Amino acid sequence: MADELKAAGSHSDEVSFQPISADSAARLGPAFAAMDPWAYYHYAGEALAAYLAGQEEAAPRLEIRVGDDLAGAICIRKNWLRGPYLQFLGILPSFQNRGVGSAALEWLEALATREKSQNVWVVASGFNTGALSFYERFGFVRVATLDGLVADGTDEILLRKRLAIR
Ligand SMILES: CC(C)(COP(=O)(O)OP(=O)(O)OC[C@H]1O[C@@H](n2cnc3c(N)ncnc32)[C@H](O)[C@@H]1OP(=O)(O)O)[C@@H](O)C(=O)NCCC(=O)NCCS
């Protein structure tokens, strides 16, 4: 995995990102399956674990650690639409509301800026009001409603953050 996908982390509370291990994917899959929005859509823990463990050069999967502790995962699709698409972000409940998700968005934006991308993209379920507020606070703007994208009767919201061109 390229060095650009890693962040230094020696401080005990430091948030760091590294290619996900098979063990971490196996632990996180069932944990995320028990959480919305994945529980709402009845994702199986094994299916989420298999997705998290997947190897795709253009779609890296990273585990998020706080110090030595496994705190969540972030998966991106590089070069999606003049910038990366945040395909998956999950923070384990015991690590939520501590700034870890915000650190993940800052890490992604720094990566996109280094690659001279003009945008960062994400999709959140319309019912996932907490995640929508989280992204909007970070500067994402709703640009489209994708009805029935994941399941009939539910909307997915496409959000975009425009980055300054340097
Ligand atoms: C949405 C999600 C990724 C946010 O991650 P998070 O780590 O909880 O986010 P943060 O801690 O950075 O920010 C969330 C809240 O904590 C607050 N916060 C940030 N840093 C903080 C800190 N150091 N101490 C206390 N609170 C803090 C933020 O202000 C925010 O509060 P608010 O909602 O009242 O405005 C996480 O809740 C999650 O995984 N949810 C379930 C899965 C999900 O919905 N994923 C997104 C799918 S699109």
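Everything quoted here is computed from the prediction, not taken from an experiment. Start at 1 and go down the list; that is how both ligands and their atoms are numbered.
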Is there at least one pair of N or O atoms, one from Val122 and one from ligand 1, spaced under 3.5 Å apart? no
Exercise check, heavy-atom protein proximity under 4.0 Å to atom 43 (C) of ligand 1: yes
Nearest-0.5 Å distance, SG of residue Cys75 to OH of residue Tyr85: 11.0 Å
May I ask you to identify, for Arg98, whether its side chain, its backbone, both or neither come under 4.0 Å of ligand 1 on a heavy-atom basis? backbone
Pick, from Ile157, Leu92, Ile91, Leu132, the option with the minimum heavy-atom distance to atom 39 (O) of ligand 1. Ile91
Nearest protein heavy-atom contact for atom 7 (O) of ligand 1: which residue, which atom, what distance? Gly101 N, 2.7 Å
Below the 3.5 angstrom mark, is there an N/O of Leu89, backbone or side chain, next to an N/O of ligand 1? yes
Counting from 1 in the order shown, the ligand 1 atoms closer than 4.0 Å to a non-hydrogen atom of Gly90 are 39 (O)
Which distance, rounded to the nearest 0.5 Å, do you find between the CD1 of Ile76 and the CG of Leu62? 6.5 Å
Whether Arg160 engages the ring of Phe140 as a cation-pi pair (distance to the six-membered ring centre under 6.0 angstrom, angle to the ring normal within 45°) should be assessed. no
Just go through Leu159, Val66, Asn97 and tell me whose heavy atom is the nearest to atom 27 (C) of ligand 1. Asn97
In terms of heavy-atom contacts, Ala44 and Ala33 come closest through C-CB, 4.1 Å
Over 12 non-hydrogen atoms of neighbours within 6.0 angstrom of CG in Asp23: yes
Using a strict 4.0 Å threshold on nitrogen-to-oxygen distance, state whether Lys78 and Glu57 make a salt bridge. no
Measure centre to centre between the rings of Tyr41 and Phe127, then say whether the value is under 6.0 Å. yes
Can you name the closest pair of heavy atoms from Leu86 and Val122 and give their distance? O-CG2, 3.6 Å
Reported OH-to-CD1 distance for the pair Tyr51 and Ile20, which is rounded to 0.5 angstrom: 9.5 Å
In ligand 1, the atoms that come under 4.0 Å of a heavy atom of Met35 are 41 (C)
Any non-hydrogen protein atom less than 4.0 Å away from atom 29 (O) of ligand 1: no
Just to be sure I read this right, does ligand 1 sit under 4.0 Å from the backbone of Asn128, its side chain, both, or neither, counting only heavy atoms? side chain
Here the gap from Arg82 atom CZ to Leu163 atom CG, rounded to the nearest 0.5 Å, amounts to 13.0 Å
Of Ala73, Pro37, Ser102, which has the heavy atom at the shortest distance from atom 12 (O) of ligand 1? Ser102
Looking only at non-hydrogen atoms, which of Phe32, Phe134, Phe95, Phe138 approaches atom 9 (O) of ligand 1 most closely? Phe134
Out of Ala39, Pro93, Gly99, the nearest non-hydrogen contact to atom 10 (P) of ligand 1 is supplied by Gly99
Give a yes/no on ligand 1: does Val123 have at least one heavy atom closer than 4.0 angstrom to it? yes
Can a non-hydrogen atom of Phe88 be found less than 4.0 Å from any atom of ligand 1? no
Would you indicate which of Glu156, Arg137, Gln96 comes nearest to atom 40 (N) of ligand 1 when only heavy atoms are counted? Gln96
Is Pro84 close to Arg77 at the side-chain level, that is, under 4.5 Å between some pair of heavy atoms? no
At under 4.0 Å between heavy atoms, is it the side chain or the backbone of Trp38 that contacts ligand 1, or both, or neither? side chain
Gln96 side-chain N/O to Ile91 backbone N/O, donor-acceptor pair under 3.5 Å: yes
Any non-hydrogen protein atom less than 4.0 Å away from atom 34 (O) of ligand 1: no
Looking only at atom types and distance, does a side-chain atom of Ser117 sit under 3.5 Å from a main-chain N or O of Thr113, one as donor and one as acceptor? no
Ligand 1 atoms in contact with Asp36 (distance to a heavy atom under 4.0 Å): 41 (C), 42 (C)
Heavy-atom distances under 4.0 Å are what count here, so tell me which part of Tyr135 touches ligand 1: side chain, backbone, both or neither. side chain
